[in-house]
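Encoded as structure tokens, the structure appears first; notes follow it.
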Amino acid sequence: MIEVTLKINGKMYTRKINPMLRLIDFIRDEIKLKGTKEGCGEGECGACTVIMNGKTVNSCLVLAASANGAEITTIEGLSNGDHLHPIQEAFIEVGAVQCGYCIPGMILSTKALLDENLDATEAQIKEGISGNLCRCTGYTKIVEGVKIAQKKIINSQEGD
Amino acid sequence: MKLLSFFQPNNIDEAKVLLSKYENSKLLAGGTDLLLDFKKDMNVPQYLIDLSKILELKSIVENESDITIGSMVTFTQVKGNKLIKDNFNSIILCAKSMGSPQIRNVATIGGNIINGAVAADIVPCVISLDGILVFESIDTLREVRCEDYFRNNSIEKIKGNEILTKIIIPKRPWLSGYYKLGKRNSLAIARANTALSLSIEENIIKDLRVCLGAVGKFPFRVNELESRAVGKIVEWLFDDEALNILENTVYESIKERKTMPFKRNAIKGVFKNALLSAVESGGNK
Amino acid sequence: MKKRGVGFASIFYGTGYGNGFPDESRATAEIKEDGSIIIYVGVSDVGSGGLSIMWQIAIETLGVNKEFVKIKHNNTSMMHDSGTAAASRQTYNTGNAVLDACSKLKKNMMLASEEVTNLKVLYKQMVTKRIETRVEGYFKATTKEVNLETGQGNPYWPYTFGAQMVTVEVDDETGKVDILDIVSVNDAGKIVNPVLAAGQAIGGCAMGIGYAIMEEVFVNKGEIKNRNFSNYIIPTSKDVPNIKSYFVEDIEGTGPYGAKGLGEPVMIPTAPAIINAIYDAVGVRIYDLPATCDKVLLAIKNNA
Amino acid sequence: MQAVGVNYTRPDVYGKISGKAVYPDDIEFEGMLYAGVKRSTIAYGKVLSINIDEIKQLPGVEYVIDYTMIPGAISHGVIFKDIPILVKDIVKRIGDCLILIVTNDKESLKNALKQVKVEYEEYEGVFTVDDALKEDAPIIGDGSNILYDIKIKAGNIDEGFKEALHITENLYCSQMTEHAFLQPEAAVACYDDDGTLKVYVATQYPHYDREEVARCLNVSEDKVKIINTTIGGAFGAREDINPQCHAAIATYISKKPVKVLYTREESIISHSKRHPMKMHYKTGVTKDGKLCALKARIYGDTGAYASWGMNVLRKAAVHATGPYVIPNVDIQALAVYTNNPYSGAMRGFGATQVPLASESQMDILAEKLNMHPLKFRYINSFEVGSNTATGQKLVSSVGIKKCIEKIAEIAEIKL
């Protein structure tokens with residue numbers, strides 16, 4: 001067993017863990033944040049995407065031990081109380097959500113993309129979410145949602 | 001086997017010491033492949049040495065005659081790096097088409113090379129750019145041309161106490177290109193890929209390196225095409241004479257395999273697309 | 001060289017279990033003391049939006065503000081059997097059961113008071129006047145078993161229709177097929193929620209793309225060889241173009257507000273339209289799905 | 001209208017957008033056990049022995065359950081009850097469930113499943129429709145390898161082809177596919193305060209699940225509650241029973257909450273698949289461009305169990321013509337048992353396979369006629385009053401011509 005400390009959604013968590021424990025298991029089983037989903041366990045589907053030190057990772061392909069000291073954002077860290085993030089608002093508005101299982105990962109990929117490049121073109125948006133499989137929507141409305149999120153974020157920044 | 005300990009050394013020397021101390025150990029260099037093995041309970045070592053905290057391995061440095069890429073540089077880092085962009089178009093194209101954003105954020109150049117999967121994306125690029133791999137252990141340092149590493153893999157293969165620390169790629173005013181044929185446009189494993197670099201003067205080919213991937217156990221160069229091309233005009237590379245060399249090469253390499261009839265044909269299109277990507281990048285080398 | 005082609009396909013699709021199989025849905029509508037109206041219905045929302053459809057049909061039928069209407073759908077002890085979320089049958093069959101229940105409740109509400117202003121007050125009036133505050137709705141589709149020797153009969157009802165136009169680009173030197181554009185037009189009668197319906201249509205096309213050019217379970221002597229998403233591959237965001245969806249609403253009189261089912265038929269024309277588009281682009285016809293780069297390139301070589 | 005035809009925000013979106021929506025794997029209870037099944041690794045044969053006693057001794061193992069410990073029915077199925085919950089003796093496909101292991105943590109379960117050793121007497125299986133239809137083929141089904149055989153006949157097929165100016169005849173094959181929904185199967189069972197056994201599961205049909213769980217426990221349906229959680233996609237693969245009965249049996253025996261969770265690999269192995277089909281098509285068209293005859297033979301590999309095989313092949317047969325009037329038809333569709341993974345429901349359900357053939361034939365004939373393929377479809381398509389191949393008169397809401405007109409308008413094609 002080894003001791004690790006991770007900062008998840010702004011809060012520090014220290015746990016003694018088996019060094020083989022994956023980051024997704026740390027988040028779901030140790031911290032009990034269930035919004036991060038496991039779809040394939042091999043980094044193909046992106047349902048377990050979280051943001052680690054500003055970059056998206058498949059939390060099923062990262063050992064919690066490797067993530068020691070890292071800052072992690074999960075879907076639970078996105079909204080501020082009942083106040084939704086503009087990406088969440090945009091996804092609701094355009095109807096980007098069907099079964100919802102890919103959505104936490106999809107939203108985090110979108111956030112990482114827009115944090116880095118708020119003016120991402122359509123091609124860049126498709127690239128940005130290309131590690132998140134969705135079987136329901138055909139992506140079209142998700143891409144539309146990202147575009148609306150861009151506008152919302154830009155507008156809110158102008159308002160500041 | 002059961003994992004007993006996990007280490008995160010802060011520098012290369014610490015890593016070398018750990019590696020020599022613990023016999024049954026493995027290096028974690030990103031882990032996008034290794035964790036797949038763990039999932040199947042394969043290749044689980046007693047000691048795991050995570051290289052992700054070693055800053056020395058994470059930089060891309062320009063020297064007088066080369067650019068040196070640390071083995072723990074991620075594909076995302078490569079993709080956005082100006083030095084690479086200015087010098088090695090093929091590596092940029094390769095990095096962009098590798099895996100997915102999440103995979104590129106974690107997967108490293110060193111990991112990709114050492115894992116040496118048949119369809120490893122970066123290897124054909126490094127070979128076609130005459131890249132050199134640097135291996136270090138507590139008491140040794142050796143440099144191996146990437147091409148030799150795979151051609152003589154049984155001899156050159158990384159030793160249990162070695163770390164691939166960097167990849168040295170010579171700077172030269174050549175064009176380079178890359179194309180990967182996959183079954184889909186993201187998260188694709190290469191059905192076949194080609195990396196090439198070439199030196200052209202007034203439309204005459206002065207030098208050429210062509211490396212094919214996913215059409216043999218390891219990526220390999222097509223020497224016959226390279227030598228025949230020298231002195232010819234660039235357009236010759238699009239002619240049947242050149243393309244037939246590729247077709248025969250692939251045929252010889254995988255004639256027993258079911259995919260041979262497809263790949264011997266597809267390689268010509270893959271090569272052409274790689275060549276076009278090189279020629280089109282001509283404006284900025 | 002990359003070559004473009006356009007392909008078409010049109011289809012029909014009989015919804016419901018069909019063939020005389022008992023295809024029943026049930027729903028319960030109840031007005032509560034707090035003025036809320038609960039619809040108990042066994043609708044499974046697999047992601048397609050069935051829950052929203054039942055909610056909207058209930059609101060429309062009851063003619064009350066949406067805040068007052070809630071759907072309870074996830075506990076078998078609380079609702080009656082409404083059949084499967086399958087066969088594109090929820091909107092038509094279960095929607096009809098909700099419509100039936102809500103029509104009856106509405107009638108009871110009107111019996112208590114012609115003018116509905118306050119549901120809490122109305123509830124009291126209903127109780128006072130001993131009018132049922134909880135009613136059952138039911139719907140059974142009418143189909144007839146076909147004769148196994150002649151096939152004659154009325155196996156399904158209603159039918160949904162669709163047509164698609166797909167533009168592809170084929171690299172005739174690698175066999176790679178890219179889907180550039182899809183126009184999907186469907187007749188599913190009255191559309192209850194256009195955004196949800198478009199979501200189904202577009203998602204269906206994406207699944208159709210996978211079916212047409214990349215998906216296949218490899219089985220050797222009964223053993224599935226590709227057991228995860230690295231080798232059973234489905235389309236990513238970069239494999240699916242921006243799909244345009246249209247509905248022509250040919251009203252079905254027996255459907256709730258004229259609606260028919262649409263979850264399945266929306267995916268069907270995509271694959272054959274892609275196969276036809278590949279032919280249009282490079283002059284080869286693929287007879288075995290999926291049209292992988294291997295098959296397309298070898299067909300081109302054999303055709304030359 | 002106030003609510004119909006209006007884009008209401010779906011009520012379930014808020015939970016899904018915030019990560020709060022509860023899928024079955026998100027449910028945990030104090031003292032919850034974990035259960036999983038060992039699946040057969042051979043496609044056809046007899047189980048001779050399983051090292052159950054050894055498994056019972058492994059760390060963390062609480063119960064090892066075989067078919068004899070199931071209180072009620074030992075098999076399930078949407079129409080025929082032919083799929084073993086736990087195999088009695090004969091396995092018919094790779095992935096059949098042999099024994100159910102219940103442990104007190106995930107790791108022990110994984111370890112115990114790996115330690116299971118099964119001895120089989122392996123039989124020669126059949127893996128293609130052609131082999132299954134041979135006279136001396138081993139019989140996989142119930143007395144026959146033909147699960148279902150339907151014919152649709154209308155008009156006079158020979159006369160029909162005589163009217164044809166062009167005839168095209170081809171063989172089409174469609175592949176087996178996988179639903180690939182994003183949420184792998186999971187179920188959590190526990191006893192409710194009122195004494196009913198409760199199963200949390202993501203399902204397409206909770207009342208059917210209740211029926212099967214009650215059957216296998218040998219209790220009345222009012223003693224079982226299915227809680228349908230948020231569902232991470234289905235596409236037909238959540239119609240047959242998968243983890244429901246196993247979780248319920250484990251809870252019934254242990255009296256404790258039990259979770260069954262599939263990996264993606266187990267998900268793909270366990271649930272039904274889209275029927276691969278072979279479709280022989282012969283289609284004729286008159287000089288005026290009117291379809292006049294269709295002969296079609298459709299063979300679906302239905303795998304080891306019936307599931308919805310009959311219904312899928314019926315749907316294939318009924319939709320074999322495409323949305324077109326064809327006065328003379330001779331269609332036959334068969335669902336054939338093999339030792340392959342069982343085929344069942346998947347989006348489109350038989351009607352997704354046949355258009356590969358029918359719509360390809362349409363383009364081939366349009367080219368022979370030198371007619372635009374969209375126009376060719378248009379002039380043959382159903383309208384109100386048309387008869388389908390089964391003699392069904394379409395009395396209302398036949399929107400196919402409108403669909404084609406819309407495409408033509410967008411593409412600027414003259415019909």
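Keep in mind that this is a model prediction, so the values were computed, not measured.
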key: Which residues share a side chain to side chain contact (heavy atoms under 4.5 Å, CB included) with Ala188(C), sequence neighbours left out   = Thr160(C), Ile191(C), Leu262(C)
ask   = Hey, are Thr270(C) and Gln164(C) close enough side-chain-wise for a donor-acceptor pair under 3.5 Å?
value = yes
task = First locate atom CZ of Phe238(B), then atom CZ of Phe271(B), and finally report the distance between them rounded to the nearest 0.5 Å.
result = 7.5 Å
task = Please state whether the side chain, the backbone, both or neither of Leu298(C) comes within less than 4.5 Å of a heavy atom of chain B.
result = side chain
NZ/NE/NH1/NH2 to OD/OE distance under 4.0 Å, Lys260(C) and Asp250(C) = no
Any idea which donor-acceptor pairs are under 3.5 Å between chain C and chain B?
unit_1, atom_1, unit_2, atom_2, d
Asp171(C), OD2, Asn273(B), ND2, 3.2
Glu173(C), OE2, Lys272(B), NZ, 2.1
Lys176(C), NZ, Asn185(B), OD1, 2.6
Asp178(C), OD1, Asn185(B), ND2, 2.8
Phe229(C), O, Arg184(B), NH2, 3.4
Ile234(C), O, Arg184(B), NH1, 2.6
Lys238(C), O, Asn185(B), ND2, 3.0
Lys238(C), NZ, Asn185(B), O, 3.4
Asp239(C), OD1, Asn185(B), N, 2.7
Asp239(C), OD1, Asn185(B), ND2, 3.2
Asp294(C), OD1, Arg191(B), NH1, 2.4
Asp294(C), OD2, Arg191(B), NH1, 3.1
Asp294(C), OD2, Arg191(B), NH2, 3.2

request  = Return the minimal non-hydrogen interatomic distance between Val46(C) and Ala85(C), and the atom names on each side.
outcome  = CG1-CB, 4.2 Å
message = Just so I understand: if I count every heavy-atom pair under 4.5 Å between each of Ile213(C), Ile233(C), Ile300(C), Val177(C) and chain B, which residue has the most?
response = Ile233(C)
remark   = Residue set satisfying ring pair (Phe, Tyr, Trp, His ring centres under 6.0 Å) with Phe220(B), at least two apart, ordered chain then number -> none
remark   = Residues at least two apart in sequence or cross-chain that pass side chain to side chain donor-acceptor pair (under 3.5 Å) with Tyr246(C), listed by chain then number, are none
